[in-house]
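Because only heavy atoms are used, hydrogens play no part in the values below, and waters and symmetry mates are left out as well, while side chains stay in. Please read these numbers as outputs of a predicted model, since none were measured by experiment. A, B, ... follow the sequence lines: proteins, then strands. Residue 1 opens every chain.
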Amino acid sequence: MSFPWASQYEPKNGLTKFLDEKLPLPRLVYGAIGAGYPVPRNLSYMWNFGVLAGFCLVLQIVTGVVLAMHYAPNALVAFGTTEHIMRDVNWGWMMRYAHANGASFFFIVVYLHIFRGFFYSSYKAPREMIWLLGVVIFLLMMATAFMGYVLPWGQMSFWGAKVITGLFGAIPVVGEPIQVWLLGGFAPDNAALNRFFSLHFLLPFVIAGVVILHIWALHIPGSSNPTGVEIKTEADTVPFHPYYTAKDGFGLGVFLLLYCAMLFFLPNYLGHPDNYIEANPLSTPAHIVPEWYFWPFYAILRAFTVDFFFIPAKLMGVLAMFAAILVWFFLPWLDKSPVRSGHYRPMFRKFFWFGLIPTMAVLFYCGGAPAEEPFVMLSQLATAYYFLHFLVILPLVSSIEKPEPLPYSITEAVLGSDKKAVLGENTTPAV
Amino acid sequence: MIRLFGILAGLFFTVAVMWSFATGAFVAATEGLGEETAEHAFHEHPKDLHLASDGVFGKFDKAQLQRGYQVYKEVCSACHSMKFVAIRDLADLGYSEAQLKAEAATWQVPGIDPNTGEATMRPGLPTDYFPSPYPNAVAAAAANNNAIPPDLSLMAKARHDGAAYVYSLLTGYQEQPAELLKEFPGSKTPTGLHYNPYFPNLNLAMAPPLTSNGQVTYAEGNPEPTIDQMAQDVAAFLTWTAEPTLDKRKQTGWPVLGFLLFATILAFLAKKQVWSAVKPSRKD
């Protein structure tokens with residue numbers, strides 16, 4: 001769908017007329033992220049993170065391609081070529097730190113993007129498909145990041161690969177053959193490193209493809225907004241360009257400032273010292289931890305410490321860890337409240353701020369901590385709440401809760417109810 | 001229907017994890033939270049160490065790096081390799097090309113006899129990497145009571161608080177405290193190991209490498225080579241070997257941040273300008 005008041009692309013000179021006739025790429029861009037895409041006028045800075053995530057993907061691909069020119073995916077030399085990049089390649093240290101910290105910042109913006117979606121129920125009709133594709137992107141990102149972390153072939157690379165592929169070993173009967181098949185051997189070695197490199201190079205382009213679908217699906221209903229009230233008239237919208245290109249430009253500046261401060265002054269802060277030790281299959285690190293962005297899910301994995309009837313504890317942990325993300329796929333159908341925005345949902349809002357957010361913080365902290373008390377018990381309580389929140393509380397709250405009154409329109413929410421002053425002549429109703 | 005299945009699945013996971021919780025809580029209540037270990041009770045965090053390269057404006061102190069290199073060469077290199085650092089890299093420490101060539105020649109590196117093709121040793125060139133003291137890992141283990149001395153190239157990045165850890169470890173050797181043996185009678189330092197509270201499991205295979213003041217003779221104009229000073233110098237040197245590009249990284253960072261700050265302010269003003277027409281202040 002396109003809004004009837006969306007401005008239409010008009011080629012101005014011979015070249016653009018020629019292009020528009022043969023391959024209307026400028027028209028596509030104009031309609032997708034140009035003046036031809038009407039966007040709610042009331043988007044907050046929480047709506048900056050989609051563009052920032054797209055920027056991070058490009059950043060990772062560009063730095064990654066350069067790194068791949070100097071890196072060798074061979075277990076004998078992988079660690080050494082990583083150091084070669086850090087020491088001998090011109091600006092190689094910057095490329096590698098940009099890529100490693102870029103992954104962290106990619107996850108930071110994507111987590112903010114996802115939690116924005118939770119609070120404003122961006123997954124609800126008519127935007128279910130955007131949400132589903134978003135969860136697919138997140139899963140692909142996790143796979144890509146995991147395999148990328150293996151490439152430097154440090155101690156955490158090796159043992160992380162061993163632990164994570166070991167998860168498949170928990171599947172009854174077929175688990176161990178699957179694990180051997182995935183690794184190309186009984187433990188991570190050259191075969192595993194080679195295929196991880198190949199897939200780590202491939203998956204970002206798969207992500208880019210799904211991102212295109214994600215944005216395409218977004219353009220059918222248009223962007224949601226902080227009130228959750230759909231666009232009614234032209235007065236509710238502004239064209240994406242220049243309004244949101246300008247706002248995203250400022251957001252990008254702030255993002256780059258934080259990112260570069262990290263890259264140039266604390267580049268190893270988010271990493272683990274053990275990954276500067278070359279992989280050694282004979283020496284197990286005291287605490288094997290994944291990268292910080294996996295900690296909440298790692299905490300869920302480790303929360304299941306005893307067998308549950310006939311289900312072994314390890315399998316239960318693996319099931320729960322995958323379920324913790326898969327449950328996001330069902331959110332559009334679990335949360336039936338007709339109101340989208342958390343601003344108008346008093347009960348939902350309380351569970352979000354005092355339930356989900358502290359739970360994620362506890363899971364995050366416990367996932368990075370050693371598997372000792374009190375962290376294990378804390379992560380068990382948090383895991384219980386995590387599943388209750390999405391699968392029990394959310395469906396029930398949407399039935400019991402009495403939402404607060406919604407504004408009549410986006411414009412009213414922005415400017416108060418004096419419609420004459422705002423609507424002016426632009427009162428074309430939306431189709 | 002989806003909601004019903006969802007609620008059932010949610011209760012399933014909740015009950016399963018609470019089952020684990022209840023079991024853990026029962027064990028904790030009846031048996032306590034696990035036994036205290038000597039490693040946990042007596043391990044100490046690294047001492048404070050201040051290096052010229054610390055902080056966002058810090059730069060390497062070249063004189064200190066040269067002293068640290070001397071300590072590495074005369075003490076550490078007897079057992080520890082430094083395989084990712086090339087002799088040419090020492091140019092960063094302020095050596096001239098002629099000095100580098102002379103310095104390289106003081107190292108014996110494995111080579112091939114050009115006439116016979118046999119393995120031999122030859123004087124080093126600046127392009128050589130620092131040679132390992134042992135021909136292979138088996139030889140290293142055999143010479144060191146089965147504990148292979150780790151490569152030092154990345155030591156300062158491969159431990160928490162790397163430089164401070166190196167400094168603390170080198171100056172932290174001591175007699176095993178009497179309280180430790182009283183509390184944990186089974187934790188006596190085994191023969192051949194050395195007690196050091198800065199090492200994670202408290203007992204270290206490496207004998208104290210810096211044993212007396214003046215063990216290394218520094219050139220004139222340098223501080224006294226006390227054990228503490230030598231330990232600091234070698235910690236500074238290993239900070240450099242772990243990341244020779246550290247100075248360049250920080251020097252690059254400031255103009256980048258300056259430019260980004262300027263660009264971000266411009267972007268903010270542009271955003272304000274663009275939005276000024278459509279964003280009157282809220283009425284309520």
Side-chain angles (χ1 to χ4, degrees), chain A residues 41 80 83-84 86-87 93-94 97 238 242-243 246-247 249-250 252-254 256-257 260-261 263-265 267-268 273-274 276-278 286 303-306 308 311 313 316 319-320 323 327 330 333-334 336 372-374 376-377 380-381 383-384 387-388 390-392 395-396 414-416 418, chain B residues 2-3 6-7 9-21 23-25 28 33-34 56 83-86 89 150-151 153-154 157-160 162 200 242-245 248-250 252-254 256-257 260-261 263-268 270-271 273-275 278-280 282-284:
Chain A
R41 61 190 292 172
E83 278 309 308
H84 161 71
M86 293 299 287
R87 289 157 194 271
W93 58 271
M94 193 170 80
Y97 281 153
V238 290
Y243 292 97
K247 195 168 181 172
F250 172 56
L252 182 64
V254 174
L256 283 174
L257 271 171
C260 287
L263 194 170
F264 288 104
F265 296 105
N268 293 309
D274 277 20
Y276 281 110
I277 305 171
E278 199 165 351
F304 294 82
T305 47
V306 294
F308 187 59
I311 310 174
M316 203 56 225
L319 285 176
V327 63
F330 298 96
W333 298 281
L334 289 170
K336 287 307 246 190
E372 298 166 355
E373 298 299 356
V376 177
M377 274 152 96
Q380 285 162 342
L381 292 175
T383 303
F387 284 106
L388 281 180
F390 285 113
L391 290 166
V392 180
L396 293 184
V414 176
L415 299 161
D418 189 358
Chain B
I2 289 184
R3 290 207 286 171
I7 290 172
L11 290 175
F12 168 71
F13 283 114
T14 307
V15 170
V17 78
M18 288 315 283
W19 177 247
S20 287
F21 176 80
T23 313
L33 285 175
V56 292
K83 62 181 178 184
F84 296 117
V85 185
D89 292 334
D151 186 83
S153 316
L154 285 159
K157 285 207 290 193
R159 298 288 184 277
H160 285 287
E243 190 163 355
T245 52
K248 195 177 180 190
R249 162 157 74 74
K250 291 181 199 165
T252 313
W254 286 111
V256 169
L257 288 188
L260 283 173
L261 187 65
T264 305
I265 291 170
L266 281 190
F268 176 70
K271 186 249 160 192
Q273 170 81 20
V274 165
W275 280 85
V278 289
K279 203 152 190 185
R282 279 180 81 116
K283 288 195 175 169
D284 45 348

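Two residues are said to be in side-chain contact when any heavy atoms from C-beta on lie closer than 4.5 Å; A:Phe330 and B:Arg3 fail this criterion. Residues A:Leu381 and B:Met18 meet the side-chain proximity criterion, which asks for heavy atoms closer than 4.5 Å. Contact of the A:Ile277 side chain with the B:Leu154 side chain is not registered, since no non-hydrogen atoms from C-beta on lie closer than 4.5 Å. Counting heavy atoms from C-beta on, the side chains of A:Val327 and B:Phe13 never come closer than 4.5 Å. Inter-residue side-chain proximity for A:Val254 and B:Phe268 is flagged as unmet; no heavy-atom pair is nearer than 4.5 Å. You'll find the side chain of A:Val392 reaches within 4.5 Å of the side chain of B:Leu11, heavy atoms only. A 4.5 Å side-chain heavy-atom check between A:Glu83 and B:Val85 finds every atom pair outside the cut-off.
Contacts of A:Tyr243 classified as side-chain contact (heavy atoms from CB on, under 4.5 Å), with partners at least two apart in sequence or in another chain: A:Val238, A:Pro239, B:Val274, B:Trp275, B:Val278. For B:Ala267, the side-chain contact (heavy atoms from CB on, under 4.5 Å) partners are A:Phe250, not counting sequence neighbours.
B:Lys83 touches chain A through its side chain: at least one heavy atom from C-beta onward sits under 4.5 Å away, while N, CA, C and O do not. Only the side chain of A:Glu278 comes within contact range of chain B, with at least one heavy atom under 4.5 Å from a heavy atom of that chain. Heavy atoms closer than 4.5 Å to chain B are found in both the backbone and the side chain of A:Trp333. The parts of A:Leu319 that come within reach of chain B are both its backbone and its side chain, each placing non-hydrogen atoms under 4.5 angstrom from that chain. When heavy atoms are compared at a cutoff of 4.5 Å, A:Tyr97 approaches chain B solely by way of its side chain, counted from C-beta outward. Neither the backbone nor the side chain of B:Ala86 comes within contact range of chain A, judged by heavy atoms closer than 4.5 Å. Looking at B:Ala263, there are no atoms closer than 4.5 Å to chain A (heavy atoms on both sides), in backbone or side chain.
Per-residue counts of heavy-atom pairs under 4.5 Å with chain B were compared for A:Gly249, A:Pro273, A:Gly253; the largest is that of A:Pro273. Chain A forms the most heavy-atom pairs under 4.5 Å with one residue out of B:Ile265, B:Leu261, B:Leu257, B:Val15, and that residue is B:Leu257. The choice from B:Ala16, B:Ala270, B:Gly253, B:Ala242 that makes the most heavy-atom pairs within less than 4.5 Å of chain A is B:Ala16. Considering only heavy-atom pairs separated by less than 4.5 Å from chain A, the leading option among B:Pro150, B:Ala158, B:Gly10, B:Ala28 is B:Ala158. Counting heavy-atom pairs closer than 4.5 Å to chain B, the top residue among A:Asp274, A:Leu396, A:Thr383 is A:Thr383.
Residue A:Arg87 comes nearest to B:Ser153 through the heavy atom pair NH2-O, 3.9 Å, listed as atom of the first residue, atom of the second, then distance. Of all heavy-atom pairs between A:Ala303 and B:Val17, the closest is CB-CG2, 3.9 Å. Between B:Gly6 and A:Leu334 the shortest heavy-atom distance is CA-CD2, 4.2 Å. Here the closest heavy-atom approach between residue A:Ile311 and residue B:Phe12 is recorded as CD1-CZ, 3.7 Å. A:Phe264 and B:Arg249 make their closest contact through O-NH1, 2.7 Å (heavy atoms, listed as atom of the first residue, atom of the second, distance).
Rounded to the nearest 0.5 angstrom, A:His84 NE2 and B:Phe84 CZ are separated by 12.0 Å. Of the inter-residue distances, the one linking B:Ile2 atom CD1 with A:Lys336 atom NZ reads 7.5 Å to the nearest 0.5 angstrom. Atoms CG and OH, on B:Asp151 and A:Tyr276 in that order, are 14.5 Å from each other to the nearest 0.5 Å. Annotation: the span from B:Phe21 atom CZ to A:Thr305 atom OG1 amounts to 10.5 Å, rounded to 0.5 Å.
For A:Glu372, the CD atom sits in a packed shell: over 12 heavy atoms of surrounding residues, nucleotides or ligands are nearer than 6.0 Å. A:Trp93 CH2: more than 12 foreign heavy atoms inside a 6.0 Å radius.
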